[in-house]
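I have placed the structure first, in the form of structure tokens, so that the comments after it can refer back to it.
All values below come from the heavy atoms of this structure, side chains included, with hydrogens, waters and symmetry mates left out. In this text the structure is predicted, and so the values were computed from the model without any measurement.
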Amino acid sequence: MDVKSAFLNGFLPEEVFVEQPKGFVDAHHPNYVYRLKKALYGLKQAPRAWYERLTQFLVDNNYTRGSVDKTLFIKRDNDELFIAQIYVDDIVFGSTNNTKVQQFVDVMSLEFEMSLVGELSYFLGLQIRQMHDGIFITQAKYAKNLVKKFGLEKAKHCDTPMSTTLKLSKDASGKSVEQTLYRGMIGSLLYLTASRPDISFSVGVCARYQADPKESHLSSVKRIIRYVNGTSNYGIWYSFDTNASLVGFSDADWAGNCDDRKSTSGGCFFLGNNLVSWFCKKQNSISLSTAEAEYIAAGSGCTQLLWMKQMLVDYGFNQGTLTLFCDNMSAINISKNPVQHSRTKHIDIRHHFIRELVENKCIVLEHIGTNDQLADLFTKPLDATRFKTLSRSIGICLVE
């Protein structure tokens, strides 16, 4: 649900003056200005004023703000829980009791002009199917429209979104293509990653070349769309048969970027059996070894795990020592070794906070075999067999 004309609801605590709008200038006092009592669109204070108004209203109605995420509002009544997440004027909410949901809708509708149609889910084409054993989230309609939009509905399907034999680079000698078309494809695919983490890595790599796309880059993006065409009905599965244990997987592709030789960090995080978060990001510095690349990737994974642990407290789930799986023993040993020896002295000190987390038993890094490393899906192109295996392992599937 969203609030109509949200920024017009904010009260201004300070004095703000605006010029008389064109076409509405007072002929007798053309040099006068208006003093605003409420916010207007275009004011720098408008977002803050709106959020303060909404926050005060919810707090007055016995909702409490999250300790980590200040846009999260929670209301508990015995064993019943109500949660509302605010994003500017859009509100996502739910409860363990349907009566609480209706009460929230009624309270908000009395104070603000509301619309119950979710703009974001409508725009992204999100379809949520609840079954007896879980929930299936897909963007099948959006995916099919995307393929049709770029005229590839009759193109041959691909088994994977990216080739294992082709390494993308700036391709300075290649022929340039239309930037608007290329950026439109990337933008459309980025929206699809909301329910398709299996294309996150390939879309992220292609997005690096939006400034000056070449034919090789366009060909790679078209391959992703051809893959989407063959898997348009796929989505992500969330099982009810799970638990509240939070674990993560981190991995890195050492010097995977052909242009600057920077590595790519990847990670995925599970609450019980269900994938709840993932990331794929090129590292800011050049790693001198595989161990260093993996160590930096593990640091990013630890940061995400700590944030999620704090978030879960607001939801009523307390976590003990968190587990992060890594397939590089050298990186794990570095995290346990407090001595700055020759292998780690060149690593930026900001990455060594992992050692403190390990010493305080906040996080434990455990080794996992490369074949079982789920984060591989977010760091490098894979062959069809391994790609399909990992996709199924993180919950990507087709539900009839």
Side-chain donor or acceptor of Thr242 paired with backbone N/O of Asn273 under 3.5 Å
yes
Consider only side-chain N and O atoms of Glu215 and Ser219, and report whether a donor and an acceptor are under 3.5 Å apart.
no
Checking Thr231 against Arg196: is there a side-chain donor and acceptor pair closer than 3.5 Å?
yes
Pairwise side-chain contact, Phe150 with Val221, heavy-atom cut-off 4.5 Å (strictly under)
no
Do Lys100's NZ or CZ and the ring of Phe82 fall within the cation-pi criteria of under 6.0 Å and 45°?
no
Are a donor atom and an acceptor atom from the side chains of Asp198 and Ser391 found within less than 3.5 Å of each other?
no
Hey, would you say the Tyr63 and Phe57 ring centroids sit under 6.0 Å apart?
no
Side-chain heavy atoms of Asn233 within contact of Lys144, under 4.5 Å:
yes
Grouping I, L, V, M, F, W and Y whenever their side-chain heavy atoms are under 4.5 Å apart, do Ile286 and Ile296 come out in a common cluster?
no
Side-chain donor-acceptor pair present, Thr138, Gln127, cut-off under 3.5 Å:
no
Student check: side-chain heavy atoms of Thr385 and Lys388 closer than 4.5 Å:
no
Verify the ring-centre separation between Phe279 and Phe201: is it less than 6.0 angstrom?
no
Any salt bridge linking Lys214 with Asp212? Criterion: basic side-chain nitrogen under 4.0 Å from a carboxylate oxygen.
yes
Does any part of the side chain of Asn328, heavy atoms only, come nearer than 4.5 Å to the side chain of Glu292, both counted from C-beta?
no
Salt-bridged, Asp260 to Lys282, with N to O below 4.0 Å?
yes
Does the Asp372 side chain pair with the main chain of Ile368, one donor and one acceptor, at a distance under 3.5 Å?
no
If we ignore hydrogens and angles and just use 3.5 Å, is the side chain of Arg183 paired with the main-chain N or O of Gln210 as donor and acceptor?
yes
Are Val92 and Leu81 in one and the same hydrophobic cluster, where Ile, Leu, Val, Met, Phe, Trp and Tyr link if side-chain heavy atoms are under 4.5 Å apart?
no
Once you measure the plane-to-plane angle for Phe136 and Trp237, does it fall in the parallel (<30°), tilted (30-60°) or perpendicular (>60°) bin?
tilted
Residues Pro30 and Val25: closest non-hydrogen pair is CA-CG1, 3.9 Å
For Cys302 and Leu324 the tightest heavy-atom approach is SG-CD2, 3.9 Å
Determine whether the side chains of Asp314 and Ser67 contain a donor N or O and an acceptor N or O closer than 3.5 Å.
yes
For Asn284, does its backbone N or O pair with a side-chain atom of Lys262 as donor and acceptor, under 3.5 Å?
yes
Measure across Tyr142 and Leu192 and return the closest heavy-atom pair with its distance rounded to 0.1 Å.
CD2-CD1, 3.9 Å
Heavy atoms only: give me the nearest Thr264-Cys280 pair and the separation to one decimal.
CG2-SG, 4.0 Å
Salt-bridge criterion met for Glu153 and Arg226 (N-O under 4.0 Å):
no
Cationic N near anionic O, under 4.0 Å, Glu359 to Arg355
no
Assess the side chains of Thr71 and Asp69: does a donor N or O sit below 3.5 Å from an acceptor N or O?
yes
Within a strict 4.5 Å, meaning less than it, do heavy atoms of the Gln130 and Phe240 side chains meet?
yes
Polar side chain donor-acceptor pair, Glu80 to Ser95, under 3.5 angstrom
no
State whether the side chain of Gln283 and the backbone N or O of Ala293 hold a donor-acceptor pair below 3.5 Å, judged by distance alone.
yes
Using a distance-only test with no angle check, is there a side-chain donor-acceptor pair under 3.5 angstrom linking Asp251 and Gln373?
no
Can a donor-acceptor pair be found between the side chains of Ser239 and Asp241 at a distance below 3.5 Å?
no
Kindly assign one of parallel, tilted or perpendicular to the pair Trp278 and Phe378, based on the angle between their ring planes and the thresholds 30° and 60°.
parallel
If two hydrophobic side chains count as joined below 4.5 Å and joins carry through other members, does Ile334 share a cluster with Phe353?
yes
Could you check whether Lys75 and Asn61, counting side-chain N and O atoms only, form a donor-acceptor pair closer than 3.5 Å?
no
Co-membership, hydrophobic cluster, residues Tyr238 and Ile128, 4.5 Å side-chain:
yes
Under 4.5 Å between side-chain heavy atoms, hopping through other hydrophobics if needed: is there a path connecting Tyr87 to Tyr41?
yes
Is there a donor-acceptor pair under 3.5 Å between the side chain of His217 and the backbone N or O of Ser169?
yes
Measure the shortest side-chain to side-chain distance between Val247 and Phe269 over non-hydrogen atoms and say whether it is less than 4.5 angstrom.
no
Side chains of Gln102 and Asn98: do they bring a donor and an acceptor to under 3.5 Å?
no
Closest non-hydrogen atom pair, Ser163 against Pro381
O-CB, 3.4 Å
Is there a side-chain contact between Arg386 and Asp376 (heavy atoms, below 4.5 Å)?
yes
Residues passing the side chain to side chain contact (heavy atoms under 4.5 Å, CB included) test with Val364, sequence neighbours excluded, are Thr321, Thr323, Glu366
Side chains of residues 7-22: which donor-acceptor partners sit under 3.5 Å, not counting sequence neighbours?
from: Asn9; atom 1: ND2; to: Ser5; atom 2: O; distance (Å): 3.3
from: Asn9; atom 1: ND2; to: Ala6; atom 2: O; distance (Å): 3.3
from: Gln20; atom 1: OE1; to: Asp26; atom 2: N; distance (Å): 2.6
from: Gln20; atom 1: NE2; to: His29; atom 2: O; distance (Å): 2.8
from: Gln20; atom 1: NE2; to: Tyr32; atom 2: O; distance (Å): 2.9

Side chain proximity check, Tyr209 to Asp171, heavy atoms < 4.5 angstrom
no
So, for Pro197 and Ile394, which heavy atoms are closest and what is the spacing to 0.1 Å?
CG-CD1, 3.9 Å
Quick one about Glu294 and Ser250 (side-chain donor to acceptor, distance below 3.5 Å, no hydrogens or angles considered), yes or no?
no
